[in-house]
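Heavy-atom basis, side chains included; hydrogens, waters and symmetry copies ignored. Both counts, for ligands and for their atoms, begin at 1 and track the order of listing.
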Amino acid sequence: MQILDGKKTSEDIKKEIAAEVQQMKANGEKVPHLAAVIVGNNGASLTYVGSKVRSCEQIGFDSTLVALPETITEAELLDKIKELNENEDLDGYIVQLPLPKHIDEEKILLAIDPQKDVDGFHPTNFGRMALEMETFLPATPFGIMELLERYKVETSGKHTVVIGRSHIVGRPMSILMSRKGNPGDSTVTLTHSRTKNLEEYTKNADIIITALGVPEFLKADMVKDGVVIIDVGITRVEDATNSKGYVIKGDVDFDGVSKKSSFITPVPGGVGPMTIAMLLKNTLLARKIRSRK
Ligand code: NAD
């Protein structure tokens with residue numbers, strides 16, 4: 001069994017990007033500039049956005065934090081989005097979700113210029129992904145593809161079972177694994193909460209990607225020997241013995257399933273750390289595309 005180490009891989013990717021940024025600076029070229037928009041004071045969102053901005057600084061990107069009050073109206077936020085779209089210095093930006101209830105997330109998403117949508121959530125970019133065109137891939141699925149590639153996990157002709165059909169993980173993952181190329185060329189089954197007899201699929205899977213958010217859902221008796229396991233789940237589970245009062249659990253019963261698997265991502269330290277690295281990679285791509293024009 002080999003661990004797919006997302007922590008180490010994400011550090012490698014950040015170092016590679018930092019080296020490219022150094023080269024850009026040495027050539028007198030403009031360095032990538034990422035902005036992050038945050039509305040309100042949601043603790044988890046502030047943490048995520050904070051670490052995205054810090055990562056930009058570490059690797060030499062320019063970064064801007066756009067912190068807006070919870071009370072901002074939808075029209076005011078749309079004005080801000082327009083401003084970011086028109087800001088020539090900015091290569092890409094993200095709008096941290098969730099937004100307050102009085103703001104229509106879909107409206108905001110549709111207002112983002114697809115060429116600056118480094119989260120890869122805009123329908124134009126989602127469509128480009130499905131059509132195998134150059135685009136910004138959503139960061140979490142992109143991180144999984146990168147792990148599979150760097151660890152040379154064979155995916156061609158394999159049966160991949162994805163559990164969960166969310167727009168940010170499960171659905172794009174099913175598309176990416178079925179695309180032509182490496183990683184890819186898989187035969188994909190996309191399963192979800194309405195799937196009957198899930199075990200029939202998981203027991204026949206060569207690769208299982210879990211993105212459901214149910215701690216330790218996938219057990220050893222649901223998988224075959226040699227399976228590749230990608231665990232996207234992150235759930236806080238109360239634990240009085242831990243100083244924080246909780247522990248983070250994935251969707252996979254790691255102790256049991258790892259004994260049968262050929263490759264497996266741990267939680268934490270697997271898919272999670274890859275997400276920010278891939279956002280940075282998308283921002284670098286955005287800069288390169290803009291400089292070509
Ligand atoms: P979600 O919460 O939007 O949806 C869950 C999906 O799981 C749904 O499609 C549902 O049909 C399916 N599902 C639920 N119960 C099921 C069951 N018993 N059997 C089969 N399918 C079932 O999903 P999400 O936003 O993709 O998040 C999933 C998990 O991944 C969460 O734990 C989340 O915290 C985590 N996550 C991690 C990262 C990361 O960077 N590592 C990024 C995004 C999400």
Asks: Would Thr135 and Asn125 count as having a side-chain donor-acceptor pair, cut-off 3.5 Å?
Replies: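 Per modelled atom types, Thr135 and Asn125 side chains form a pair under 3.5 Å.
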
Asks: Does ligand 1 have an atom that lies less than 4.0 angstrom from a heavy atom of Thr195?
Replies: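 Judged by the 4.0 Å heavy-atom criterion, Thr195 does not count as contacting ligand 1.
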
Asks: May I ask you to check whether over 12 heavy atoms, not counting those of Glu86, lie within 6.0 Å of atom CD?
Replies: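 Yes, CD of Glu86 has more than 12 neighbouring heavy atoms, counting only those of other groups under 6.0 Å.
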
Asks: Compute the shortest N/O to N/O distance between Arg165 and ligand 1 and return yes if it is under 3.5 Å, no if not.
Replies: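 Yes: some nitrogen or oxygen of Arg165 is under 3.5 Å from one in ligand 1.
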
Asks: Return the residue, atom name and 0.1 Å-rounded distance of the protein heavy atom closest to atom 18 (N) of ligand 1.
Replies: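 For this ligand atom, the closest protein heavy atom is Phe217 CE1, 3.5 Å.
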
Asks: May I ask which of Pro273, Pro268, Ser193 has a heavy atom nearer to atom 10 (C) of ligand 1 than the others do?
Replies: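 Heavy atom nearest to atom 10 (C) of ligand 1 belongs to Ser193.
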
Asks: Answer side chain, backbone, both or neither: which part of Ile163 comes under 4.0 Å from ligand 1, heavy atoms only.
Replies: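 For Ile163, the contact with ligand 1 is made by the side chain alone.
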
Asks: How far is atom 27 (O) of ligand 1 from the closest protein heavy atom, and which atom is that?
Replies: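 Going by distance alone, atom 27 (O) of ligand 1 is nearest to Ala211 O, 4.5 Å.
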
Asks: Please list the nearest protein heavy atom to atom 15 (N) of ligand 1 with its residue and the distance rounded to 0.1 Å.
Replies: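 Going by distance alone, atom 15 (N) of ligand 1 is nearest to Leu212 CD2, 4.0 Å.
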
Asks: Between Asp5 and Tyr151, do the side chains contain a donor N or O and an acceptor N or O under 3.5 Å apart?
Replies: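 No, because no side-chain N or O of Tyr151 sits under 3.5 Å from a partner of the opposite role on Asp5.
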
Asks: I need the Phe121 CZ to Leu110 CG distance, nearest 0.5 Å.
Replies: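 Output value for this atom pair is 13.5 Å.
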
Asks: Atom 42 (C) of ligand 1: which protein heavy atom is closest, and how many Å away?
Replies: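 Its nearest protein heavy-atom neighbour is Thr140 OG1, 3.4 Å.
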
Asks: For residues His159 and Ser186, is any side-chain donor paired with an opposing acceptor at under 3.5 Å?
Replies: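 No.
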
Asks: Identify, by atom number and element, the atoms of ligand 1 in contact range of Val232, meaning under 4.0 Å from any of its heavy atoms.
Replies: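 Counting atoms of ligand 1 from 1, those under 4.0 Å from Val232 are 30 (O), 35 (C), 36 (N), 37 (C), 38 (C), 41 (N).
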
Asks: Provide, to 0.1 Å, the distance between atom 29 (C) of ligand 1 and the closest protein heavy atom, together with that atom's residue and name.
Replies: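 Looking at atom 29 (C) of ligand 1, the protein heavy atom closest to it is Gly213 N, 3.6 Å.
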
Asks: What part of Thr275 sits under 4.0 Å from ligand 1 if we count only heavy atoms: the side chain, the backbone, both or neither?
Replies: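 Contact part for Thr275 vs ligand 1: side chain (C-beta onward).
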
Asks: Using distance alone, decide if ligand 1 has a nitrogen or oxygen within less than 3.5 Å of any nitrogen or oxygen in Ile234.
Replies: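 Checking ligand 1 against Ile234, an N or O pair does fall under 3.5 Å apart.
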
Asks: Ignoring hydrogens, tell whether any protein atom lies closer than 4.0 Å to atom 36 (N) of ligand 1; use the non-hydrogen atoms only.
Replies: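 Within 4.0 Å: yes, protein heavy atom nearby.
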
Asks: By number and element, which atoms of ligand 1 are closer than 4.0 Å to a non-hydrogen atom of His192?
Replies: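 Checking each atom against His192, I get 11 (O), 20 (C), 21 (N), 22 (C).
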
Asks: Say whether, by atom type as modelled, one donor and one acceptor occur between the side chain of Ser45 and the main chain of Asn41 under 3.5 angstrom.
Replies: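 The answer is no, because no donor-acceptor pair under 3.5 Å joins these two groups.
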
Asks: Any idea which protein heavy atom is nearest atom 1 (P) of ligand 1, and the distance to it?
Replies: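 Looking at atom 1 (P) of ligand 1, the protein heavy atom closest to it is Ser166 CB, 4.1 Å.
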
Asks: Any donor-acceptor pair under 3.5 Å linking the side-chain atoms of Asn204 with those of Glu200?
Replies: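 Glu200 vs Asn204: no donor-acceptor pair found between side chains.
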
Asks: Who's the nearest protein heavy-atom neighbour of atom 44 (C) of ligand 1, and how far?
Replies: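 Atom 44 (C) of ligand 1 sits closest to the protein heavy atom Val169 CG2, 4.0 Å.
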
Asks: Answer with yes or no whether Gly272 contacts ligand 1, where contact means a heavy atom under 4.0 Å from a ligand atom.
Replies: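 Heavy atoms of Gly272 do come under 4.0 Å of ligand 1.
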
Asks: Within a distance under 4.0 Å of any heavy atom of Gly164, pick out the atoms of ligand 1 and give their elements.
Replies: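 Selected atoms, number and element: 6 (C), 7 (O), 9 (O), 12 (C).
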
Asks: Any chance the side chains of Asp91 and Thr283 put a donor and an acceptor closer than 3.5 Å?
Replies: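 There is no such pair between these side chains.
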
Asks: Quick one: do Glu83 and Lys80 make a salt bridge, cutoff under 4.0 Å?
Replies: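 Result for this pair is yes, salt bridge flagged.
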
Asks: How about Ile168 and Thr140: do any of their side-chain heavy atoms sit closer than 4.5 Å?
Replies: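 Side chain of Ile168 against side chain of Thr140, heavy atoms only: no contact under 4.5 Å found.
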
Asks: Whether the Lys293 and Gln115 side chains hold a donor-acceptor pair (N or O, under 3.5 Å, no angle test) is what I'd like checked.
Replies: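 On atom types as modelled, these side chains qualify, holding a pair under 3.5 Å.
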
